[in-house]
Amino acid sequence: MNNNHDGRMTREGIRIHSDADFEGMRKAGALAATILDEVAEHVFVGQTTEALDDFIRNRVEDAGATSATIGYKGYQHASCISVNHVVCHGIPGDKKLKDGDILNIDVTVIVDGWFGDTSRMYVAGKLSRKAERLIQVTHDALFKGIDAAKPGNTFGDIGHAIQSYVEANRMSVVRDFCGHGLGRVFHAPPNVLHYGRAGTGPRLEEGMFFTIEPMVNLGRPETKVLADDWTAVTRDKSLSAQFEHSIGITADGCEVFTPSPAGRFHPTYDV
Ligand code: MF3
Ligand code: CO
Ligand code: CO
């Protein structure tokens, strides 16, 4: 790759990053993904999500990195942990995980000023057939989006790839939350929608950094935010799942900054 457009912004306010910037994102992404690998063994029936968050906070500190979420808009935790019908932004707490609970753990770290943001699904105890199917479809939907993330395509192509795959499996894509540009900032333009029409939206260019993080529900797509002002749940109480990678557009496709070093990103790794 030979990218000398350092510092350029597109008309839509999307930053075009340099080759050196990719290296920064690789390091930040690797730490976030390593922490998600390591937290897996702490997920079990009877465990609290607070204890999982304690592990994550300590692990970020030990690495000499910074949690992007502690202090973000008043948020107090090093992770979001979203159990069962919680769609996203679940707050770690003292409730114990029960047999068959599924959970998304979402970690964002800052390493040398670069943000690495990734999440994946875990299960406490035995995974039910319907939860397994939801998790599999959500995981594969993220990769449909990643496959569409290449120069010449548009952001609408990514959303369309995800939505059509999810709906072909008779599940629904959450509309109320989206992916985002990132880099030296947590949330930057554009909003990366997980639904939409092919060929619409900004065109993808080498050097763009953003997340893809589809939330998929077994029931209807509508969500509501609880009185704590963070926890988003499905309105119909149906199960919800999410996977998130941070990626950078390359000359001929994209680079995933947050692959699992242990090869544990895929939902069935320990099932
Ligand atoms: N990591 C989340 C994302 O994917 C954002 C969490 S913000 C928090 O964008 F404050 F809720 F932690
Ligand atoms: Co994100
Ligand atoms: Co995230």
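Both ligands and their constituent atoms are indexed starting at 1 by order of listing. Numbering of residues begins at 1 and proceeds along the displayed sequence.
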Distance only, no hydrogens: is a donor on one side chain within 3.5 Å (strictly under) of an acceptor on the other, for Asp228 and Thr231? yes
Is it true that a side-chain atom of His194 and a backbone atom of Gly159 form a donor plus acceptor pair closer than 3.5 Å? no
Can you pull the residues with any heavy atom under 4.0 Å from ligand 1? Thr69, Tyr72, Tyr75, Cys80, His89, Asp106, Thr108, Asp117, His180, Phe186, His187, Glu213, Trp230, Glu244
Can you hop from Met215 to Leu134 via hydrophobic side chains spaced under 4.5 Å? no
Does the side-chain hydrogen bond (donor to acceptor under 3.5 Å, both in side chains) test come out yes or no for Asn104 and Ser119, once each step is laid out? CA-CA 6 Å; Asn104 173 278; Ser119 80; 2.9 Å; yes
Mark yes or no for whether Gln242, through its side chain, and Glu213, through its backbone, hold a donor-acceptor pair below 3.5 Å. yes
Taking the Co ion (ligand 2) as the center, what protein N, O or S atoms are found at less than 2.8 Å? Asp117 OD2, His180 NE2, Glu213 OE2, Glu244 OE2
Check the pair His85, Ser240 against side-chain hydrogen bond (donor to acceptor under 3.5 Å, both in side chains), reporting the backbone distance first and the verdict last. CA-CA 5 Å; His85 76 297; Ser240 187; over 6 Å; no
Contact summary for His160 and Ala198, nearest pair of heavy atoms: CB-N, 3.8 Å
Phe115 six-ring face occupied by Arg184 cation (under 6.0 Å, within 45°): no
Option passing side-chain hydrogen bond (donor to acceptor under 3.5 Å, both in side chains) with Ser79 (candidates Thr108, Asp53, Thr49): Asp53
